[in-house]
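Structure first, then comments.
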Amino acid sequence: PLPTIGGVVTQGEVYTKLLFHLRESQELSATMAHLIQMQDSPHDADRLRALGWLAMSEMFNKTTEQITKLATKGLQ
């Protein structure tokens, strides 16, 4: 559920929650990539999986930046 102010959901609260979850997803994706790389597996599939998680981490980071730009331009 979304937090409300006086029973009304605000854009600021939604933005804050969205950024929190995007940042958390970015961190967890990077952690997953690191954990897979630490398994010391000779299989190319595992290396590819780690790269996929790293790419997801970067995608979440870029998405966070774009949302921040969008929200900042909307506040001016």
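- Without hydrogens or angle criteria, S57 side chain to W53 main chain gives no donor-acceptor distance under 3.5 Å.
- Summarising the geometry, atom OG1 belonging to T31 is positioned 10.5 Å from atom CD belonging to E24; distances are rounded to the nearest 0.5 Å.
- Between L22 and Q26, the closest side-chain pair of non-hydrogen atoms is not below 4.5 Å.
- Of all heavy-atom pairs spanning M56 and S29, the tightest one is CB-OG, 4.1 Å.
- Rounding to the nearest 0.5 Å places NE2 of H34 at 4.5 Å from CE of M38.
- Remark: E58 engages K62 in a salt bridge, criterion side-chain N to carboxylate O under 4.0 Å.
- Counting heavy atoms from C-beta on, the side chains of L19 and Y15 come closer than 4.5 Å.
- Atom CD of Q39 is surrounded by more than 12 heavy atoms from other residues, nucleotides or ligands within 6.0 Å.
- Atom CG of residue N61 and atom OG of residue S25 lie 12.0 Å apart, to the nearest 0.5 angstrom.
- Taking each heavy atom of A33 and L54 in turn, the nearest pair found is CB-N, 3.8 Å.
- Proximity of a side-chain donor or acceptor of R49 to a complementary backbone N or O of D44 within less than 3.5 Å is not detected.
- In this structure, CD in Q37 is found 11.0 Å from CG in D46, a value given to the nearest 0.5 Å.
- The hydrophobic clustering, which links ILVMFWY residues whose side-chain heavy atoms are closer than 4.5 Å, places L18 and M59 together.
- With hydrophobic clusters built from ILVMFWY side chains whose heavy atoms lie under 4.5 angstrom apart, V14 does not share a cluster with F60.
- Note that the CZ atom of R23 and the OG1 atom of T63 stand 12.5 Å from one another [nearest 0.5 Å].
- Within a 6.0 Å radius of NE2 in H21, other residues, nucleotides and ligands contribute more than 12 heavy atoms.
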